[in-house]
Amino acid sequence: MCVRVCVSPQAEAGGAAVGGPLSGDRPGRGPEQLQDVRTKRFLQVGGVSHGLGGAGLRVCFVCVPTPPPFLAFHRRQRGLQPGHSPYWALLESLQLGPDAARLQLINEVTKVPLLLELWGLQGNVTRIRIKELNPLRPRFEVPDVLVAEPPVERLAVTGRDEGSLELSLGPAGHRLLVTEKPFRMDLLQGRELLCSVNARGLLFFEHLRQRRDSDTPREPTAEEGGAAEGQEETTGRTEDAGNQSEKPTEAPAEAVEEPGSWEETFKTHTDTKPNGPTSVGLDFSLPGFEHVYGIPEHADSLRLRTTEGGDPYRLYNLDVFQYELYNPMALYGSVPLLLAHSTRRTLGIFWLNAAETWVDISSNTAGKTLFGKLLDYMQGGGETPQTDVRWMSESGIVDVFLLLGPTPAAVAGQYAALTGTQALPPLFALGYHQSRWNYNDEEDVAAVERGFEEHALPCDVLWLDIEHADGKRYFTWDPSKFPRPRDMLERLAAKKRKMVSIVDPHIKVDSGYRVHNELRSRGFYVKTKDGSDYEGWCWPGSAAYPDFTNPEMRAWWASMFAYDQYEGSTENLFTWNDMNEPSVFSGPEVTMHKDAVHHGGWEHRDLHNLYGLYVQMATAEGQIQRSGGQHRPFVLSRAFFAGSQRYGAVWTGDNAAEWEHLKISIPMCLSFGLAGLSFCGSDVGGFFKNPEAELLVRWYQAGAFQPFFRAHAHLDTARREPWLFGDENVALIRAAIRQRYALLPFWYTAFYRSHRHGLPVMRPLWMEYPEDATTFAIDDQYMIDRALLVHPVTEQGARGVQVYLPGKGEVWYDVTSHQKHHAPQTLYVPVTMSSVPVFQRGGTVVPRQERVRRSTECMRGDPFTLYVALSPQGTAEGDLFLDDGQSFDYETKARYLHRQFTFAGNTLTASSADPRGSFDTPAWLERVVILGTGKPAAVILHPADGSETRLDFHHEAETSVLTLRKPGVRIGDDWAIVLR
């Protein structure tokens, strides 16, 4: 854990550290052995104008081991041991309606009834919801994440006997077996058991209750021998109690009140809990599965590890300073979606709860070596592999969707149908972004922009961090550093470039600040438990926090992006929402107190993980509104939740200039993609520290093949624009960026497909090769869409990398040498500093634009080159999506082209993949490169008008590469090219 302290210049020189208004706690994972104690200067803030008192005050962080705060609910839940469930289902209470099945569950200890609701949803999805039947007050149910109420299948009772009943869930043959006592559900397809619910008896539901009189003697806790909520009492009971079927009639018995149930204190912070203990939990057993993935954000391997004997994975959006790697600690965003995959099937569990959540994972094969598993198989013994997943949330209800696949693509589609697909980004956003905390002033911005021109480096966007605003008052500009922002933006626009400025959701408390005054007068701030405006410390000093859960507040926030409200803004200014976990320097774990109150009276604890999504949602809506609904927004957000993909991009947060951080960016982005967040990336070069030239070059090469491509750096790092590292290194960086721009048609088409169907753009190999177990744990290489395999170089001083080429009977082509390789095999690829191992899959067509210019806008209308990589059967196919790159016209007016390219029978044909769209473009076909073919006698072009034209060509016999020169046809026309 990193503890924030305030240090004066005198203290840095040897005096004592002084606590100040920023004193607080940094997020942590749990007790652990101290490995490193570091003091890092994080921020230089000067002058009392920031409300921090004392010029030259510095905020530092010291990393020390500290237990995470406010974890009583987690201790209570983990205190419940498997196999002792007090819950049973009242099967006679079943009500089967046209849309759902409903029946009651009863806790035989507390006698509190719960309502179980079951839905079979169209598209192979089952929904399970558990809430109180008669709560004292409403419990929070997550709004605004599902794009619509999912269409349902009609359920039917297909079997019934003493102690169980069977429901059919729709035409796919899924059946749900509900067992009465102890309550359990088993989901089957045919004879195959897909998933069991509460098989371990870990259903945990703390009902709302009145607080006991403080003078009541405390009963023993679960750890002291008592019974916590959900834990059965064994005294006076016999095994025959399991045969009872009648509904209990005793009065409800209150659960034992463990310390921390109604109030919890951690250091200087006290969390009052007016609703008392309200946590929920449930376990899922997945027979046949050893590999599980997802639940970002964690700086960990792609495949999730078991948590037995350690901390669970934590989902709680936090502003984490220099996060630890290979660790289940919470980071900036949370998506409660877990995927399980085997050679036979893929499943997903979507736990729709926005409170702090922990996920325990256990497996009966954990710790077994490959030899041990093989020995079990040879001897015909051993258990069926099984993974058990346990979800624990601090409040809310149980609302879970089982995504039944059966393929990886089907699960991605099922999740997208629930929460939406990745928003189609404007084309410029897929280009290269240059950022720093901070570019000093307008002259600095101009000098950086000139540097890209002088060194022939493509760049689409320059970024401004918090120092650009007047005293960190967002929606303003520093009058001395940025006195003419509109002129600055117009100069960038003349070069076909954009700018992004930061707008954070903490608002400086200042009576002379219009934004603050309006928020306060409208009552739009989050409140304390006592009803006053919630205030904390952040970059501006004393700050208040807009209540983004309030639709009226979001509408007001959106209106602030209008050109007449955000003074100096223009249509080429876009937005970065940082610190939106929310970050509160003076708060517990550097975030908002859980007992703060939001719109509707909901506590912050109920909806914490939603806050960042709402900030990005409102900001994106503001950008759309300012253009009259015409133009697509671009908003980068650090915090996120399920559904954030609908509003823009995310990134991996405050990483460091270390090789391990470069390496971890790959599995982190892959996990984002599995959770629907396709538009993701990491800070190229690392946010903290100073990268050596080799690391920086390798990071540019990796970043060029990640969806969001931005270099960013901390205030205290040395300047690191690409041309500052010498001619040799700037040439390597230029080559990486140019390769990105040449592939933009391929990237944009992949994003369009993700937008339509929900498949991640950057995806693990097992999504494309679900039956190849070798791919299941690979997270140092990946696919972009279905056509390119990338293995970035992430080891210092590497002279080669091991690349696994999957696909029995398939071939792959090195995109640089065009050498063909047969699969499956592990290939040793020698590398130099200019090497980026990338392979094109045989059977695919990849469109490129190889006349790379200063920005994406400058390349509109430029000609295309098609790279046709033939399969062993001599076939290939691919597509290209084209529109204006910025508006919603593709959606509202069908102004787009979606072209299909197919090679078969020695003929390459172009046709419409979607005849509903039309778009006029001057772009034409400049070149076709066919990989893996012999030399033809002639090449004939057949345009749509029926004529014939012989094309010039060149054939490389050594690599079997045929290059067709200047077919000259328009990219939007139908045509055929025949090899004779």
Handout entry: Student check: side-chain heavy atoms of Cys459 and Leu457 closer than 4.5 Å
Key = no

Practice task
Quickly, which of Thr749, Asp879, Asp974 forms a side-chain hydrogen bond (donor to acceptor under 3.5 Å, both in side chains) with Arg899? Name it, please.
Solution key: Asp974

Practice task
Would you mind checking if Asp814 and Lys820 are paired as a salt bridge, meaning a charged N to carboxylate O distance below 4.0 Å?
Solution key: no

Practice task
Please examine the side chains of Tyr813 and Thr959, heavy atoms only from C-beta on, and report whether any two atoms are closer than 4.5 Å.
Solution key: no

Handout entry: Non-hydrogen atoms of Gln781 and Val803 that approach each other most closely
Key = OE1-CA, 3.6 Å

Practice task
Give the C-alpha distance, both sets of side-chain angles, the deciding distance and a yes or no for side-chain hydrogen bond (donor to acceptor under 3.5 Å, both in side chains) between Ser887 and Asp884.
Solution key: CA-CA 7 Å; Ser887 78; Asp884 62 21; 2.5 Å; yes

Handout entry: Pairing residues for Phe708 by the ring-ring contact (aromatic ring centres under 6.0 Å, His included) criterion, not counting sequence neighbours
Key = His433, Phe679

Practice task
Give the minimum heavy-atom separation between Leu302 and Pro764, together with the two atoms involved.
Solution key: CD2-CB, 3.7 Å

Exercise for the section: Please confirm whether the backbone N or O of Gly643 pairs with a side-chain atom of Gln645, one donor and one acceptor, at under 3.5 Å? Expected result: yes

Practice task
May I ask you to say whether Asp727 pairs ionically with Arg734, meaning some side-chain N is under 4.0 Å from a carboxylate O?
Solution key: no

Practice task
Say whether, by atom type as modelled, one donor and one acceptor occur between the side chain of Arg740 and the main chain of Leu430 under 3.5 angstrom.
Solution key: yes

Exercise for the section: Evaluate the side-chain proximity of Ile977 to Trp975: yes if any heavy-atom separation is below 4.5 Å, no if none is. Expected result: yes

Practice task
Please test Tyr700 against Leu732 for side chain to side chain contact (heavy atoms under 4.5 Å, CB included), starting from the C-alpha separation and ending with a verdict.
Solution key: CA-CA 9 Å; Tyr700 269 96; Leu732 294 169; over 6 Å; no

Handout entry: Over-ring placement of Arg854 relative to Phe452, 6.0 Å and 45° cut-offs
Key = no

Handout entry: Flag for Asp914-Tyr896: side-chain donor and acceptor within less than 3.5 Å
Key = yes

Problem - Enclosure of Lys496 NZ (heavy-atom neighbours >12, cutoff 6.0 Å) - result: no

Exercise for the section: May I ask you to say whether Glu768 pairs ionically with Arg841, meaning some side-chain N is under 4.0 Å from a carboxylate O? Expected result: yes

Problem - Partner of Leu962 by side chain to side chain contact (heavy atoms under 4.5 Å, CB included), out of Leu979, Leu870, Val929 - result: Leu979

Practice task
For the residue pair Val845 and Gln900, establish whether any side-chain heavy-atom pair is separated by less than 4.5 Å.
Solution key: no

Completion exercise
Asp683 and Thr652 have their tightest heavy-atom pair at N-OG1, 4.5 Å

Handout entry: Backbone of Val811 reached by a side-chain donor or acceptor of His822 within 3.5 Å
Key = no

Exercise for the section: Output the distance between atom OG1 (Thr816) and atom CZ (Phe839), rounded to the nearest 0.5 Å. Expected result: 9.0 Å

Practice task
Check the pair Thr856, Asp460 against side-chain hydrogen bond (donor to acceptor under 3.5 Å, both in side chains), reporting the backbone distance first and the verdict last.
Solution key: CA-CA 7 Å; Thr856 55; Asp460 263 82; 2.7 Å; yes

Handout entry: side chain to side chain contact (heavy atoms under 4.5 Å, CB included) assessment of Val445 paired with Leu462
Key = CA-CA 8 Å; Val445 170; Leu462 296 182; 3.9 Å; yes

Exercise for the section: For Gln701 and Met833, indicate whether the former's side chain and the latter's backbone hold a donor-acceptor pair under 3.5 Å. Expected result: yes

Exercise for the section: Give a yes or no answer on whether the side chain of Arg927 reaches the backbone of Tyr867 with a donor-acceptor pair at less than 3.5 Å. Expected result: no

Problem - Backbone of Lys966 reached by a side-chain donor or acceptor of Trp924 within 3.5 Å - result: no

Handout entry: His818 and Gln840, any side-chain heavy atoms less than 4.5 Å apart
Key = no

Handout entry: Any donor-acceptor N/O pair, Ser835 side chain to Thr832 backbone, under 3.5 Å
Key = yes

Exercise for the section: Kindly give the heavy-atom pair with the smallest separation between Leu765 and Met783, and that separation in Å. Expected result: CD2-CG, 3.6 Å

Problem - Heavy-atom check, side chain of Phe901 versus side chain of Thr844, under 4.5 Å - result: no

Practice task
Give a yes or no on whether a salt bridge exists between Lys663 and Asp779, defined as a side-chain N under 4.0 angstrom from a carboxylate O.
Solution key: no

Handout entry: Heavy atoms of other groups near Glu948 CD, more than 12 under 6.0 Å
Key = yes

Practice task
Scan side-chain atoms only and decide if Asn577 and Tyr647 contain a donor-acceptor pair under the 3.5 Å cut-off.
Solution key: no

Practice task
Look at atom CD of Gln739 and say whether more than 12 heavy atoms of other residues, nucleotides or ligands are closer to it than 6.0 Å.
Solution key: yes

Problem - Where Phe751 and Pro707 come nearest, the two heavy atoms and their spacing - result: CZ-CB, 3.7 Å

Exercise for the section: Spell out, as yes or no, whether a donor-acceptor pair under 3.5 Å connects the side chain of Ser627 to the backbone of Ile624. Expected result: yes

Handout entry: Minimum side-chain heavy-atom gap Phe746-Ile784 below 4.5 Å
Key = yes

Problem - Basic-acidic side-chain contact under 4.0 Å: Arg638, Glu297 - result: no

Problem - Option among Arg965, Arg851, Arg848, Gln849 that satisfies the side-chain hydrogen bond (donor to acceptor under 3.5 Å, both in side chains) test with Glu926 - result: Arg851

Can you give me every donor-acceptor pair (side chain of residues 667-677, partner residue at least two apart or in another chain, under 3.5 Å) with its distance?
residue : atom : partner : partner atom : Å
Ser671  : OG   : Pro667  : O            : 3.1

Handout entry: Donor-acceptor under 3.5 Å (Ser754 side chain, Pro760 main chain)
Key = no

Handout entry: Heavy atoms of other groups near Glu728 CD, more than 12 under 6.0 Å
Key = no

Problem - Option passing ring-ring contact (aromatic ring centres under 6.0 Å, His included) with His712 (candidates Trp576, Trp699, Tyr432, Trp651) - result: Trp576

Problem - Electrostatic pair Glu721:Arg436 at N-O distance under 4.0 angstrom - result: no

Exercise for the section: Using atom types as modelled and distance alone, determine if a side-chain donor or acceptor of Thr865 lies under 3.5 Å from a backbone N or O of Val928. Expected result: no

Fill in the blank from the handout: Leu662 and Ala702 have their tightest heavy-atom pair at CD1-CB, 3.9 Å

Handout entry: Side chain proximity check, Phe705 to Tyr782, heavy atoms < 4.5 angstrom
Key = yes

Handout entry: Candidates Arg497, Lys498, Arg491 - the one meeting salt bridge (charged side-chain N to carboxylate O under 4.0 Å, His left out) with Glu449
Key = Arg497

Practice task
May I ask you to decide if the ring planes of Phe881 and Tyr748 are parallel, tilted or perpendicular, using 30° and 60° as cut-offs?
Solution key: tilted

